[in-house]
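Shown next, in structure tokens, is the structure this report addresses.
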There are 2 protein chains.
Amino acid sequence: MSERVVPAAARQRRRPTRQGVVLSEELIVETAMRLIEEHGADALSVRRLGRALGADPSSLYRYFRHTDDLMLAIADELIGRTLRSWRPTGDWPADLRDLGLRMHAGALAHPRAAVLSAHRVTGRTYEIQAVETVLGVLRNAGFPDPEAVRVYHAFVDQALAYGALDSANTALPQAARDAEADVWRATYARLPATSHPNIAATARHLVASMRGSSYPAALDLLLTAAEARLTQIREAAGA
Amino acid sequence: MSERVVPAAARQRRRPTRQGVVLSEELIVETAMRLIEEHGADALSVRRLGRALGADPSSLYRYFRHTDDLMLAIADELIGRTLRSWRPTGDWPADLRDLGLRMHAGALAHPRAAVLSAHRVTGRTYEIQAVETVLGVLRNAGFPDPEAVRVYHAFVDQALAYGALDSANTALPQAARDAEADVWRATYARLPATSHPNIAATARHLVASMRGSSYPAALDLLLTAAEARLTQIREAAGA
DNA sequence: CTTCACAGGTCAACGGTGTTGTCATAAGGT
DNA sequence: ACCTTATGACAACACCGTTGACCTGTGAAG
């Protein structure tokens, strides 16, 4: 088989499908994201996507080499949307905090794409743009290059790691998700104080706390530490 | 269909499979972990596991209601191994630091199992034991209950999140891993300074930094913040 | 206009997956 | 030695991603 996928730019004949839809990389990614949003992460399969588009599933392989490629495209679109929704003000800790929270929220909105792409470097346009932007914020703030990279690395890893962790739950089939919620109520909240004194003493707090994400707290911690480091650097330079 | 799964304790007839293997929950979990380690996370399927065990795939449904149940069992075994290797000394920040690093190392040692299980609450024995232990460490250190739960939550989520993130790379097929490394060298390191000045300026540092894990730094950050919080609490109580 | 190469949509098939209803059989109490 | 029944085996179902071969309408060239 010769190369099946044709880059979007090189496409010349816009032939409609049997059902009259004109396919495009854009339309496919868009439809895939809609599918995920409307029917849950499990609803995304090549066959279902084909059906939703009004096209044979195998058509998609003219646009993406395999499902992984499609996921990366979705992930990059996700980065793009996050970036576009973000309005930096010039106050760097506030801007990064806002960006981090938006990345996290974006991951939760598209859990499957987030889980798949957290540990991947896509090298696509929006990802590159995001790297460039964040590095710019840090260098403008006064971080020297090696330090800027270090903070960037910590910031991005943290956002990705928590995004994946928290969205993994969302990506579970509904039944498993319900079961998981029950574990805290049914199992942990009922352990006797004799065998598990510490859990018994804190059960009430546990049930409440484990529902939410610890990302915002972790993010604040990171930014506070970065601010302190910057002050330290400035003092060392000024002295 | 009446209940198909029989709890391990209630099992009475140890009938061997056609190929002479005597099944048990333990043997199944062990074999599953071996499969994952040797042939990648994708290698774990009910059918392959059956083949590896020398049993019909459907036999496994006498031990686990569905694959998800099996995943939880694997996750719990991983927790158990980590916990058994840990020797607390009574110095709580040092102990938690040690435990965190062990959890992270455990994830890296069994990358494919870690990725699969990082985001699940198993409610099984080892997990419960781990929760009880860590909560005990914190409450003994003097954290009031709500605070202990907050720190526990942050600590555990962080270990799981970074464990999964960092092992995901390790778990990739060699070819994909090489390709990924190339993205930094081939794509990012070659962006022109005119269009991407910040990436161009820091490219050298980027390539070097993105190789390592940022978990140890993040862990130290968390523990330092917790120590500060405890001091604050003590002063408030003493005053 | 007509022609005609071929891009791009379609079809059918392959080998995989989890899961379940039913059946067979050997284990273990009597 | 018998009988119950726990537990393993089998076959089927509905799905999945992927690919090789085929067909057809598009759009450029003459």
Side-chain angles (χ1 to χ4, degrees), chain A residues 1-28 31-32 35 39-74 112 116 172-176, chain B residues 1-25 27-28 31-32 35-36 39-72 116:
Chain A
M1 188 190 52
S2 61
E3 196 47 69
R4 201 158 206 162
V5 173
V6 175
R11 232 154 244 282
Q12 12 185 332
R13 304 192 186 174
R14 327 295 13 262
R15 180 184 186 172
T17 72
R18 181 141 292 212
Q19 298 184 41
V21 185
V22 176
L23 295 180
S24 69
E25 190 170 320
E26 234 181 38
L27 178 64
I28 294 173
T31 308
L35 257 186
H39 306 309
D42 296 343
L44 190 59
S45 74
V46 177
R47 297 175 117 98
R48 257 199 269 248
L49 182 51
R51 225 177 299 139
L53 280 162
D56 190 272
S58 63
S59 309
L60 306 186
Y61 288 87
R62 301 262 183 221
Y63 294 82
F64 301 96
R65 278 204 301 282
H66 33 243
T67 23
D68 241 44
D69 261 24
L70 172 58
M71 290 301 177
L72 291 184
I74 294 175
R112 231 186 140 179
L116 242 161
L172 287 176
Q174 188 58 44
Chain B
M1 186 193 52
S2 62
E3 197 45 71
R4 203 159 203 162
V5 172
V6 175
R11 231 155 247 282
Q12 10 185 330
R13 301 190 190 176
R14 327 295 11 262
R15 179 183 185 173
T17 72
R18 183 142 291 212
Q19 298 183 42
V21 185
V22 176
L23 294 180
S24 69
E25 193 171 318
L27 178 64
I28 295 173
T31 308
L35 257 186
I36 293 177
H39 301 88
D42 296 343
L44 189 59
S45 74
V46 178
R47 295 174 118 98
R48 255 201 268 249
L49 182 51
R51 224 178 300 139
L53 280 162
D56 189 272
S58 64
S59 308
L60 305 186
Y61 288 86
R62 301 266 183 217
Y63 295 82
F64 301 96
R65 279 205 300 283
H66 31 245
T67 23
D68 216 58
D69 263 24
L70 173 58
M71 294 299 179
L72 294 185
L116 285 177

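Just so it is clear: chains get the letters A, B, ... in the order the sequence lines come, proteins before strands, and each one is counted from 1. Atom set for the values below is all heavy atoms of this structure, side chains included, hydrogens, waters and symmetry mates excluded.
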Please determine whether a side-chain nitrogen or oxygen atom of [X] lies at a distance below 4.0 Å from atom OP1 or OP2 of [N].
X	N	answer
B:Y63	D:dT7	no
B:Y61	C:dG21	no
B:R62	D:dA9	no
B:R4	C:dT19	no

Atom [atom1] of [X] to atom [atom2] of [N]: distance rounded to whole Å?
X	N	atom1	atom2	value
B:L60	C:dG18	CG	P	10 Å
B:R65	C:dT19	CZ	P	12 Å
A:D69	D:dT19	CG	P	12 Å
B:E25	D:dT7	CD	P	13 Å
B:L70	C:dT19	CG	P	10 Å
B:F64	D:dT7	CZ	P	14 Å
A:L23	C:dG8	CG	C1'	9 Å
B:R15	C:dA26	CZ	P	6 Å

For nucleotides 11-16 of chain D, give me every protein contact, N/O to N/O, under 3.5 Å, one pair per line with atom names.
residue, atom, partner, partner atom, Å
D:dC16, OP1, A:S45, OG, 2.8

For nucleotides 2-6 of chain C, give me every protein contact, N/O to N/O, under 3.5 Å, one pair per line with atom names.
residue, atom, partner, partner atom, Å
C:dC6, O2, A:R13, NH1, 2.6

Side-chain donor or acceptor of [X] paired with backbone N/O of [Y] under 3.5 Å:
X	Y	answer
B:T17	B:G54	yes
A:R48	A:A43	yes
B:T31	B:L27	yes
A:R62	A:V5	no

Touch check for B:T17, heavy atoms < 4.0 angstrom, all strands: base, sugar-phosphate only, or nothing? sugar-phosphate
Toward the 5' end of DNA chain C, by each residue's nearest nucleotide, B:P57 or B:R18: B:P57
Are [X] and [Y] side-chain neighbours, meaning at least one heavy-atom pair lies under 4.5 Å?
X	Y	answer
B:S59	B:L23	yes
B:D69	B:Y63	no
B:L70	B:L49	yes
A:L44	A:M71	yes

For A:D68, enumerate each residue passing the side chain to side chain contact (heavy atoms under 4.5 Å, CB included) test, keeping only those at least two apart in sequence or located in another chain. A:H66, A:L116, A:R120
Any idea which of C:dT10, C:dG9, D:dT18 is nearest the A:T67 side chain? D:dT18
Any idea which heavy atoms bring B:F64 and B:E25 closest together, and the distance? CZ-CG, 3.5 Å
